[in-house]
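For reference, the structure is listed below as C-alpha cells.
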Amino acid sequence: MGGKIEKKSPAGKKASEKKSEDKKSSVNKKVASVSKSKADDKTKAVKKSVAAVEKKEEPKKITPEKTAPRKAIKEYDESQIKHLDALEHIRLRSGMYIGRLGDGSNQNDGIYVLLKEVVDNAVDEFIMGFGKRIDVEVADGRVKVRDYGRGIPLGRVVDCVSEINTGAKYNDDVFQFSVGMNGVGTKAVNALSSYFRVVSVRKGEYAEAIFERGKIKSEKNGKLPSKQPDGTYFEFVPDTEVFGKYSFNMEFVEKRMWNYAYLNTGLTIRLNGQDFYSDNGLFDLLNKEIDDTGLYPIGSYQGERLKFAFTHTNAYGETYFSFVNGQYTADGGTHLNAFKEGFVRSLNEFFGTSYRAEDVREGITAALLVKIKDPVFESQTKNKLGNTDIRTWIVSEVQSGLSDWLHRNPEAAKKIQEKIQSNEKLRTELSAVKVKAREAARKFSIQIPKLKDCRYHIQDGVKGENSMIFITEGQSASGTMTHSRNSDYQAIFSLRGKPENMYGKKQTEIYKNDELYQLMMALGIENSVENIRYGKIVIATDADNDGFHIRNLVLTFFLGYFEELVTSGRVYILETPLFRVRNKKENIYCYSEEERDAAIAKLGNSAETSRFKGLGEINGDEFKEFITPETMHLTPVEISQLKAIPTLLSFYMGKNTPERRTFIEKHLLSNADIDV
C-alpha cells in the first residue's frame, strides 16, 4: 500500500461575523479538518484515504427561506470590461481545464491531472521514437519529471509553457497519436503551481525558466558545463491557494505509471527509484487485474492503431479499461461502444447464431487501446471520447481480430460459448423472478416507499450532474437528513436495519429481498449500471460497530452484483464529526479523538464536549453543514485490483474460517478500549 505525501496550506482567513435580522450578536463557527485516516483493521474491505481542506473561515449556512440582499448593480460601461491573460483565466476557471480540484483523496483530483499532463508530454516523445526512459519523483508535494526525448526547442521554451495554443502538437510532422492535442497541458500546470521550473537540453545547450503561479520569475540559457542527454525536465509544486491542503496518494500515482507502461511496451518509467515496465502491454494489465479468475486464457489482438485483450469471469456486469493514445477514458466513449459492437458481431458470426449482446458481454473484462490522429474529448480531462467517424473501422478490425483468435483457440471459444449459454439461462431465470417482483411491487404504486427522491438526476444534464443519493441507517438518521438536504439534487434511501448478507448468492436472490430490490430500483440499475440515476452513491451510517457492519453489507451487495459502481468511482462514505467542542463563542466539530483533544486545548478545559453516537443525534441545522458540497467530507471507496474483490468478500463476508476467527481474536477490542 502506498503512502501519502502531504503539503500543508497557509493559514486560513479569520472567521467572518454574521448579523442576524433579530439579534446583533455574532456566532463564530469553525469546521475542523479531517486528517488522513488509517484503514480500520476490522473493516479492511473498504480502503479509506481522506484528506480534507482545513477551513478557518466560517462555513456558509444555506437557509432556503432567507436570501442575501441583492447586490447593487453598477452601470454597465467600458470600465466594467475585464481582460485576463490565458494563465490568469486558468487560475480563475481551473475546472474548465483540469476538471475537479480535490485534495488528492480521489484518483481524478486535479493534482493527478497536473502530473499526468507533464508525463503525457514525455510519453509523446517515446511514441515518436525518442527516449526509452522517463524519471519521475513525487516527494513532499513536489513533482519532478525528466524525459530523454528531443527537448523543447530552446528559443520557444517560455512560449510552450505559458502561451495557450502554442506547441508542436498541432504539427503532424512532429507529433502523431498524441494525448495532448490542445496546447493547454503544461500551461495549466504552470498556472496552477506555486513553483514551476522547466529546463530543455539540446545538443549540449540548455534553456531554463522559473515561474510562480504563472508569472515568470527568471530565465536563462547557455552551454552546459558537462555533457547531458537531450530531453526536458519539469518540476512543480501544486498551489495550495488553489488546491488547499492536499496529499499525493502514491497508490494512485503508481497505478497511473503502470498504465503508461502497459500502453507503451518498451518504455521504462522510474518512479521514486522503482521501475515500471511491461513486455506484453494490455495482456499484462488484464493479467494483473484478474489473476487466475478468468474462465479461459486471456485473448489479445495487436494492431497498428487498435489493441485489445479480453476474458470472461464469473463476476456480474461488464468491466472495461479503455484508452485513447495512452489516455485512460474512465467514461468510455465512441471507441468503447464500437469495440462492444464488433465483439458481439464477431462471436455471432463465428458461432452462426444471434446471441443477445447482454448475454455475450455479461462477465467480460477487457482492455482497449485506440490510436487516433485527432481525438475529440468531451472535456479537458479527456474522460470520454466523442469522435463519431471511427466506429466503422474499429468494429471491422475487432471483428476480424477476434475471429482470427477464435479460430486459433478452439478450446477457449468453447468456454466462451458455454459462458454465453449460462448467461442466457440466468437471464431467463431473472426474467421470471422479475415478473413476480414487479407484481409484488405494484402495491407500492409508482413510489419506492424507502426513497425520498430529488428533483434532478444524471439524465437531466447539467442540473443533475451533482445528484447524489444517501443510503442511511434507520428512520432517525434519514429524518435528520431530510430536514437538512437540498431536495434539488440530494436523495435519501433509508434502510430499516442490517440488510441481508448477499455474498455468494445468485442474482435472482435480489428480487426475493424486498429492501435490496427497492434499493436497486431506486438507483435505476436493474438492467444496466449505465442507467444509474445519481452521480454519487453515499453510504451514511453511524460511526459505530453496527454502522460499520451495515456499510460492509451494502458494499458486499454492490461488489457482488454491480461492481462497476465501485470501480467507476461512484461510491463514497460520508464522514461526519464524532465530537463537538464548544464554549459561548465558538463551536469546533472534530472527526477524531486527536482533533477533540486539540479543540479542548484551544477552547480550554471548561469547554463543553459532546459525543455524537449516531447521525440522528445531530440536529438538522448542524447536519446541513455536513452534507453541503462545499463542506461535506466524502471518502471514495477504492479497489486497487479486480482480483482483490473475491478474496476480500470471501474473507470478511463469507463463511467463518479459522483464519477469520484468528483475525477477529487478534483485533477484538475490550470494553475498556471502546470509547462509548
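Model, not experiment: these values are computed from the prediction.
- Side-chain rings of F308 and Y301 approach one another, their centers coming within less than 6.0 Å.
- At least one donor-acceptor pair under 3.5 Å links the side chain of D460 to the backbone N or O of H457.
- N466 CG to K536 NZ: the interatomic distance, rounded to the nearest 0.5 Å, is 6.5 Å.
- Side-chain contact between F211 and K217 is absent, with no heavy-atom pair separated by less than 4.5 Å.
- Shortest non-hydrogen contact noted between P375 and N325 is CG-ND2, 3.9 Å.
- Here the side chain of S162 pairs a donor or acceptor atom with the backbone of V158 at under 3.5 angstrom.
- Q490 CD to I627 CD1: the interatomic distance, rounded to the nearest 0.5 Å, is 4.5 Å.
- The backbone N or O of E241 lies less than 3.5 Å from a partner atom in the side chain of D239, making a donor-acceptor pair.
- Judged purely by atom type and a 3.5 angstrom limit, Y112 uses its side chain to pair as donor or acceptor with the backbone of N249.
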If you apply the rule side chain to side chain contact (heavy atoms under 4.5 Å, CB included), what do you find for M128 with R150, and how did you get there?
CA-CA 10 Å; M128 293 304 298; R150 292 165 288 186; 3.9 Å; yes
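- The number of heavy atoms from other shown groups lying within 6.0 Å of CD (Q459) is above 12.
- Side chains of N272 and M250 form a contact here, defined as non-hydrogen atoms less than 4.5 Å apart.
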Give the C-alpha distance, both sets of side-chain angles, the deciding distance and a yes or no for side chain to side chain contact (heavy atoms under 4.5 Å, CB included) between F283 and K307.
CA-CA 10 Å; F283 180 94; K307 299 177 182 180; over 6 Å; no
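- Between the side chain of D140 and the backbone N or O of R142, no donor-acceptor pair lies under 3.5 Å.
- Taking the six-membered ring where the residue is Trp, the centroids of F626 and Y589 are separated by under 6.0 Å.
- Using a 4.5 Å heavy-atom cutoff, the side chains of K203 and D230 are in contact.
- Side-chain atoms of T329 come within 3.5 Å of backbone atoms of S322 as a donor-acceptor pair (strictly under, hydrogens ignored).
- No donor-acceptor distance shorter than 3.5 angstrom exists from the side chain of Y320 to the backbone of G332, with no hydrogens or angles considered.
- Ion pairing between E397 and R305 fails under the 4.0 Å rule for side-chain N and carboxylate O.
- Of the candidates I390, V398, I372, L306 forms a side-chain contact (heavy atoms from CB on, under 4.5 Å) with just one, namely V398.
- Taken to the nearest 0.5 Å, the CD atom of E465 stands 10.0 Å off from the CD1 atom of I458.
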Taking it one step at a time, do L192 and F243 satisfy side chain to side chain contact (heavy atoms under 4.5 Å, CB included)?
CA-CA 9 Å; L192 300 175; F243 298 97; 4.2 Å; yes
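- One N or O on the side chain of D109 and one on the backbone of G104 form a donor-acceptor pair closer than 3.5 Å.
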Given side chain to side chain contact (heavy atoms under 4.5 Å, CB included), test F248 with V143 step by step and report yes or no.
CA-CA 10 Å; F248 281 97; V143 178; 3.7 Å; yes
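- Side-chain polar atoms of Y233 and E235 form a donor-acceptor pair below 3.5 angstrom.
- A distance of 11.0 Å separates OG of S278 from CD1 of I269, quoted to the nearest 0.5 Å.
- Each of I573, V538, V571 was scored for a side-chain contact (heavy atoms from CB on, under 4.5 Å) with L634, with one residue passing: V538.
- Inter-residue side-chain proximity for Y206 and K220 is flagged as met; some heavy-atom pair is nearer than 4.5 Å.
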Kindly indicate, with the supporting measurements, whether the criterion salt bridge (Lys or Arg N to Asp or Glu O under 4.0 Å) is fulfilled by E341 and R391.
CA-CA 9 Å; E341 182 181 344; R391 173 187 163 275; 2.7 Å; yes
Please test E254 against K288 for salt bridge (Lys or Arg N to Asp or Glu O under 4.0 Å), starting from the C-alpha separation and ending with a verdict.
CA-CA 14 Å; E254 289 171 5; K288 185 176 180 180; over 6 Å; no
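- Of the possible polar contacts, none joining the Y489 side chain to the K463 backbone as a donor-acceptor pair under 3.5 Å is found.
- The shortest distance between side-chain heavy atoms of T232 and V157 does not fall below 4.5 Å.
- In the model, D135 has a side-chain atom that pairs as donor or acceptor with a side-chain atom of Y148 under 3.5 Å.
- The side-chain heavy atoms of L369 and V324, taken from C-beta on, include no pair separated by under 4.5 Å.
- With contacts defined as side-chain heavy-atom distances shorter than 4.5 Å, the pair V161/F234 qualifies.
- Taking 4.5 Å as the limit, some side-chain heavy atom of F323 sits within range of a side-chain heavy atom of L285.
- Side-chain N or O atoms of N387 include one that pairs as donor or acceptor with a backbone N or O of D374 at under 3.5 Å.
- The shortest heavy-atom contact between G151 and S200 is C-OG, 3.5 Å.
- Every side-chain contact (heavy atoms from CB on, under 4.5 Å) that Q228 has, sequence neighbours left out, goes to R146, V201, L224.
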